[in-house]
Amino acid sequence: MYWSKLFIPTLRETPAEAEVISHQLLLRGGYIRQLSAGIYSYLLPAQRSMLKITAIVREEMDRIGAQEFLLPALHPAEVWQESGRWELMGDNMFRLKDRNGRWLCLGMTHEEIMTVLARGELRSYKQLPQIWYQIQTKFRDEPRPKSGLMRVRQFTMKDSYSFDLDPAGLDAAYEKHRRAYERIFDRCGLEYLTVEAHSGAMGGSQSQEFMVASDAGEDLVARCKNCGYAANLEKATSVAQAPAAADPEGDLEPEEFHTPNRKTIAEVAEFTGLPESSQMKSLVLSAGDQRVLALLRGDHQLSETKFCTALGVKEFRPAHPEEIHQWMGADAGSLGPVGINDLRIVADEALRGRRNMIAGANRNDYHLRNVTPGEDFQPEYFDLRQAAAGDGCAHCGGTLELVKAVEIGHIFKLGYKYSESMGLRVLNEAGQEVTPIMGSYGIGLERILSTAIDLYHDKDGIVLPVPIAPFEVVITPVNTNDAGQKAAAGKLYGELKAAGLDVLFDDRDERPGVKFKDADLIGIPYRITVGKKLPQGLVEVVERKGKASVDVKVEEVAAFVAAKVGAAKA
RNA sequence: CGGGGCGUAGCGCAGCCUGGUAGCGCACCUGCCUUGGGCGCAGGGGGUCGGGCGUUCAAAUCGCCCCGCCCCGACCA
């Protein structure tokens with residue numbers, strides 16, 4: 001393509017609204033323009049990258065025998081009402097009415113639609129297994145779109161769904177996807193983590209997320225550098241660090257003491273001179289019709305997902321101040337488990353075996369010392385604690401670190417949730433009706449582009465991996481008034497195209513500095529500079545990554561670059 | 001939905017406090033010049049100052065209301 005004919009609106013300055021690096025560079029590189037919050041137009045460079053990413057995804061999905069469909073983006077409400085998600089999705093779902101007043105929505109995901117297809121058509125175990133996928137625009141009315149293409153209201157997702165006769169079949173489909181995803185992300189040149197994920201209250205037995213470590217990330221991943229264990233913080237298990245001070249010995253009785261205006265763990269620690277880990281943190285929670293007192297070590301945090309899992313509830317909330325006073329007889333800041341009979345008491349495992357700790361006395365401005373679980377109150381023990389940086393790895397004894405990360409893919413054993421609720425049945429070999437088991441697998445395509453830029457950039461701009469760069473090579477004649485350079489560059493353009501390369505010819509009548517800056521900013525992996533060495537029969541090949549430059553004979557350069565590009569895509 | 005910030009030319013910003021001719025840099029157009037890292041000189045075009053209402057002889061500037069965008073939090077199959 002001839003650059004002089006293209007619309008690639010690069011920006012010298014960074015637009016004020018862009019905070020994260022990928023957003024800044026996508027705007028500056030002329031990849032995207034915003035239409036509205038979380039809604040973007042993809043210009044030529046972005047579209048070309050997206051098409052390359054899409055092609056890689058398609059190849060790898062086809063390789064595992066998945067079949068590509070394209071499902072509607074516009075769905076009638078009834079389908080979502082059947083699965084119960086019309087209500088569940090709440091304000092995150094875009095809804096609209098047609099001219100007859102019937103409710104429709106824009107698809108956020110396609111489990112329902114796939115299941116409708118399957119139940120209408122699948123009749124026999126002989127038709128299983130199936131893996132169906134699509135590459136579709138999804139719509140989600142995010143409460144807060146942000147970070148360029150990282151969190152948006154309209155985006156492209158590859159989503160696939162597997163249908164199997166039994167759990168062993170699902171295991172196989174899941175495993176195929178795991179390997180396909182690894183190939184996809186490898187081919188896109190990403191450095192990523194595969195982490196255990198929380199599978200929600202959907203009966204899912206297993207779930208993994210593919211994450212790219214990034215400061216722009218919204219998830220936290222606990223990772224052990226020693227053994228490679230990695231899990232979403234929601235789910236991560238760990239070995240708590242030892243309490244900062246040993247518990248007092250002996251079979252001591254709880255003893256009240258005055259703690260005027262000391263409400264927080266930190267204030268009580270300072271007042272008593274004992275570390276936070278010697279205290280019990282008491283949280284009064286309301287989960288459905290249950291009143292719960294959750295106990296943690298003073299320096300630990302409650303994991304909301306673990307709490308829900310432990311109690312088998314979907315959601316909970318902190319009790320209101322009036323409820324706390326009514327249930328506990330005191331206000332937050334002086335709460336503890338001793339003498340509490342009307343609430344369910346759950347304690348984190350880290351409290352098991354502890355003795356003579358500090359807890360609230362359920363009398364304002366008083367605490368108790370010498371509180372011992374199992375003696376002074378009877379808790380049910382669960383893993384309720386959120387893992388923290390510096391905790392021990394539960395698998396190898398190494399040390400866990402926490403990293404921010406962006407989720408780029410998620411594979412998920414759905415189980416029978418949709419097939420059951422929406423009535424998908426097939427006959428098995430014995431002629432009995434059985435419910436197929438499903439899996440669901442997603443990849444956010446824009447996030448591949450965004451995280452790649454996040455991962456690979458320098459002060460001059462984007463440094464995309466060759467397989468997903470909008471162009472593979474740019475030819476830059478330094479002086480367009482030089483007939484020799486112009487002719488040589490034009491001839492080279494033909495040769496590179498003939499060699500099958502994605503080549504851009506910067507034939508613009510611009511100063512060399514402008515062309516170099518633009519090529520760097522957009523992130524074209526190789527640049528062939530046709531300039532002052534041409535009389536010696538030489539041109540320069542500059543690699544965007546690292547800026548290394550080599551002189552190559554004009555007649556050899558097409559093969560030279562083709563070999564480099566070929567190696568990078570292999 | 002709570003908290004904060006911003007909205008003036010395509011982009012980055014000043015002007016607003018203290019009301020009176022709308023400005024700077026970059027980009028854009030024309031000409032000359034220049035050609036190895038966002039040249040130089042000269043000339044030029046482009047703005048309902050986010051919108052509405054109000055105060056005033058007079059509003060980008062003061063007041064009220066609304067909208068949009070960004071950030072933090074809440075939320076996030």
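Here is how names work: the chains are called A, B, and so on, in the same order as the sequence lines, proteins then strands, and each is numbered from 1. Given the structure is predicted, the values throughout are model-derived calculations rather than measurements.
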Counting just side-chain N and O atoms, does [X] come under 4.0 Å of either OP1 or OP2 of [N]?
X: A:R12; N: B:A27; answer: yes
X: A:K515; N: B:G36; answer: no
X: A:Q34; N: B:C70; answer: yes

For nucleotides 4-11 of chain B, print each protein N/O atom paired with a nucleotide N/O atom at under 3.5 Å, atom names and distance only.
{"from": "B:C11", "atom 1": "O2", "to": "A:E13", "atom 2": "OE1", "distance (Å)": "3.3"}

Task: Atom of A:K533, atom of A:D551 and distance for their closest heavy-atom approach - done: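 Heavy atoms of A:K533 and A:D551 come nearest at NZ-OD1, 3.1 Å.
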Open item on the list: Counting C-beta onward and ignoring hydrogens, is there a side-chain heavy-atom pair between A:T237 and A:D383 closer than 4.5 Å?
Closed with: yes
Open item on the list: Do A:V195 and A:F210 have side chains that approach each other closer than 4.5 Å (heavy atoms only, starting at C-beta)?
Closed with: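 When only atoms from C-beta onward are counted, A:F210 and A:V195 do not touch, as no gap falls below 4.5 Å.
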Open item on the list: Pick the closest RNA chain B nucleotide for A:L35 and for A:M157 by heavy atoms, then say which residue is nearer the 5' end.
Closed with: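 That would be A:L35.
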TODO: Using heavy atoms to find the nearest nucleotide of RNA chain B for A:S549 and A:R151 separately, return the residue whose nucleotide is more 5′.
DONE: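 It is A:S549, whose closest nucleotide lies nearer the 5' terminus.
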Polar side-chain contact [X]-[N] base: donor and acceptor under 3.5 Å:
X: A:R508; N: B:G38; result: no
X: A:D460; N: B:G37; result: no
X: A:D520; N: B:G37; result: yes

Task: Between B:C75 (P) and A:R144 (CZ): distance, integer Å - done: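 One finds 13 Å between P of B:C75 and CZ of A:R144, rounded.
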Open item on the list: At under 4.0 Å between heavy atoms, how does the protein contact nucleotides 40-52 of chain B? Give one character per nucleotide, 5' to 3', with B, S or -.
Closed with: -------------
